[in-house]
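Computed from a predicted structure; not experimentally measured. First the proteins, then the strands, lettered A, B, ... as listed; each starts at 1.
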Number of protein chains: 2
Amino acid sequence: MNSEFIIAVHSLVLLAHKPDCMASSEEIAANVCTHPARVRKVLGFLRKSGYVATREGSGGGYRLIKDPTDMTLADIYREMASGSLTPSWCSGNPEMDCMVGSNMQDVMNAVFCGAEQKLEAYFAEITIGQMLSRIKERQHV
Amino acid sequence: MNSEFIIAVHSLVLLAHKPDCMASSEEIAANVCTHPARVRKVLGFLRKSGYVATREGSGGGYRLIKDPTDMTLADIYREMASGSLTPSWCSGNPEMDCMVGSNMQDVMNAVFCGAEQKLEAYFAEITIGQMLSRIKERQHV
DNA sequence: CCAACTGTAACTGTTAGTATTACAGTAACC
DNA sequence: GGTTACTGTAATACTAACAGTTACAGTTGG
């Protein structure tokens with residue numbers, strides 16, 4: 001899976017854990033374990049999608065502006081990593097003079113479209129709020 | 001998705017289409033559109049798993065030895081590409097002094113284990129025989 | 001023996017992905 | 001109004017994964 005998806009989810013969970021609190025890219029990067037520039041890039045997408053608000057300048061940073069129980073992993077997947085299941089490599093060739101070789105691409109493609117739908121359906125059942133709850137549960141043990 | 005998975009599926013469908021027929025790695029590679037050495041590597045795995053029989057030497061090649069309706073994509077996935085959904089990249093760090101950062105790895109891991117199970121369940125419903133049928137249907141149109 | 005294969009391992013080139021650097025733009029604070 | 005602390009974004013460097021290829025030993029049939 002795309003690392004940007006993971007950075008996005010982790011950042012949103014972190015922001016959900018500290019509501020109404022501005023977090024800088026440096027703070028988030030330290031928590032996620034990556035470079036601040038990557039965080040800025042990813043959260044830039046989430047801003048355009050309306051999940052977070054940003055403030056530039058001194059004392060600026062990122063803030064959650066959506067209900068954590070109203071953001072599913074499917075939303076983030078579609079935003080950040082859609083099609084990551086679909087193979088980059090293709091077998092066969094439609095021009096080929098063989099029933100199997102010439103139709104394999106389309107059939108294989110249909111299989112992976114179905115797989116992607118199943119994956120999204122699974123992700124649609126998991127919200128950022130639930131992710132935070134699971135983390136809290138682990139802490140209690 | 002792993003290209004070896006695709007090569008494996010394509011090769012099995014091709015062999016299922018030509019029952020009792022020995023196909024050389026060169027023939028299969030031409031149909032799949034890759035190098036014979038890759039086909040030999042992939043079909044080597046499928047031999048060890050009991051899907052195909054191989055014969056070395058002159059006139060040798062590969063032959064299907066299992067019922068196409070008895071091989072699912074899930075079997076092949078487990079063999080060739082298991083864990084391909086699981087991200088190679090990990091956020092957070094268990095040593096961290098933050099509830100979110102220290103538990104994220106485990107929670108994220110659980111999410112992807114679930115996703116992998118959903119994916120396998122989907123693949124378990126598709127057999128090599130069905131793949132061949134889908135190709136035949138397309139041909140008629 | 002020769003020709004046609006598989007089985008493997010090693011090497012190469014290319015692409016994708018992560019980390020890093022750099023700098024312009026913006027806002028708060030003294 | 002200048003300094004400081006940020007975001008936004010593009011460019012670059014480094015690394016790992018992957019597909020392609022070459023090479024050769026081992027095997028079998030004629």
Side-chain angles (χ1 to χ4, degrees), chain A residues 1-8 10-11 15 21-49 51-65 80-93 108, chain B residues 1-11 15 21-49 51-65 80-93:
Chain A
M1 174 64 55
N2 199 327
S3 68
E4 295 195 345
F5 172 79
I6 296 175
I7 294 173
H10 190 140
S11 301
L15 290 174
C21 176
M22 221 54 174
S24 71
S25 64
E26 199 163 349
E27 288 175 63
I28 298 173
N31 200 277
V32 171
C33 291
T34 186
H35 203 275
R38 293 201 74 199
V39 172
R40 292 202 288 273
K41 187 186 173 192
V42 170
L43 292 225
F45 278 109
L46 297 181
R47 170 176 54 84
K48 285 167 192 161
S49 311
Y51 299 118
V52 300
T54 67
R55 198 170 65 213
E56 298 185 10
S58 181
Y62 302 88
R63 203 183 77 245
L64 201 64
I65 57 171
M80 310 297 304
S82 193
S84 70
L85 204 59
T86 307
S88 52
W89 194 86
C90 243
S91 79
N93 180 353
M108 197 68 87
Chain B
M1 174 64 54
N2 200 326
S3 68
E4 295 194 346
F5 172 79
I6 296 175
I7 293 173
V9 171
H10 190 141
S11 301
L15 290 173
C21 176
M22 221 55 172
S24 72
S25 63
E26 199 165 348
E27 288 175 63
I28 298 173
N31 200 278
V32 172
C33 291
T34 187
H35 203 275
R38 293 201 75 199
V39 172
R40 291 203 288 272
K41 187 186 174 192
V42 170
L43 292 225
F45 278 108
L46 297 180
R47 171 176 54 83
K48 286 166 191 162
S49 310
Y51 298 118
V52 300
T54 67
R55 199 170 62 214
E56 298 185 10
S58 180
Y62 301 87
R63 203 183 76 245
L64 201 64
I65 57 170
M80 309 297 304
S82 193
S84 70
L85 204 58
T86 308
S88 52
W89 195 86
C90 242
S91 79
N93 179 353

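B/S88 pairs by the side chain to side chain contact (heavy atoms under 4.5 Å, CB included) definition with nothing, not counting sequence neighbours. Evaluation of the side chain to side chain contact (heavy atoms under 4.5 Å, CB included) rule for B/A37 yields B/H35, B/R40 as partners, not counting sequence neighbours. Not counting sequence neighbours, the partners of A/S84 by the side-chain hydrogen bond (donor to acceptor under 3.5 Å, both in side chains) test are A/Y77. Every residue was checked against the side-chain hydrogen bond (donor to acceptor under 3.5 Å, both in side chains) condition with A/T54, not counting sequence neighbours, and none meets it. Residues passing the side chain to side chain contact (heavy atoms under 4.5 Å, CB included) test with A/S91, sequence neighbours excluded: A/W89, A/M104, B/I6, B/H10, B/V32. Every residue was checked against the side-chain hydrogen bond (donor to acceptor under 3.5 Å, both in side chains) condition with A/T34, not counting sequence neighbours, and none meets it. Here A/S58 pairs with nothing under the side-chain hydrogen bond (donor to acceptor under 3.5 Å, both in side chains) rule; sequence neighbours left out.
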Item to complete: List the steps and the verdict of side chain to side chain contact (heavy atoms under 4.5 Å, CB included) for A/V42 and A/S11.
Response: CA-CA 9 Å; A/V42 170; A/S11 301; 5.6 Å; no
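Taking atom CD of residue B/E26 and atom P of nucleotide C/dC5, one finds them 7 Å apart after rounding to whole Å. At whole-Å resolution of the value, CG in B/L43 and C1' in C/dG7 are 12 Å apart. A/I28 places its CD1 atom 14 Å from the C1' atom of D/dG8, with the value rounded to the nearest Å. Here the C1' atom of nucleotide C/dA4 and the CE atom of B/M22 are 13 Å apart, to the nearest Å. The nearest whole Å value for the distance from the CD atom in B/E27 to the P atom in C/dA4 is 14 Å. What separates NZ of B/K48 from C1' of C/dT6 is a distance of 12 Å, to the nearest Å. Here D/dC18 presents its C1' atom at 18 Å from CZ of B/F5, a figure rounded to the nearest Å.
Pairs of residues two or more places apart, or lying in two chains, that qualify as salt bridge (charged side-chain N to carboxylate O under 4.0 Å, His left out) and include a residue from residues 1-10 of chain B are B/E4-B/K41. Applying the salt bridge (charged side-chain N to carboxylate O under 4.0 Å, His left out) definition to pairs two or more places apart or across chains, none involves residues 54-65 of chain A.
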Is there any protein nitrogen or oxygen under 3.5 Å from a nitrogen or oxygen in nucleotides 12-16 of chain D, and what are the pairs?
none

Pairs under 3.5 Å (N/O, protein and nucleotides 25-30 of chain C):
| unit_1 | atom_1 | unit_2 | atom_2 | d |
| --- | --- | --- | --- | --- |
| C/dT26 | O4' | A/E56 | OE1 | 3.0 |
| C/dT26 | O2 | A/G57 | N | 3.3 |
| C/dA27 | N3 | A/S58 | N | 3.3 |

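Remark: B/N2 CG to B/I7 CD1 distance equals 8.5 Å, nearest 0.5 Å.
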Worksheet item: For every nucleotide of nucleotides 14-22 of chain C, 5' to 3': is a protein heavy atom under 4.0 Å from its base (B), only from its sugar-phosphate (S), or from neither (-)?
Response: ----SSBBB
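Dashed line: the shortest gap from a side-chain N or O of A/R47 to OP1 or OP2 of D/dG8 is under 4.0 Å.
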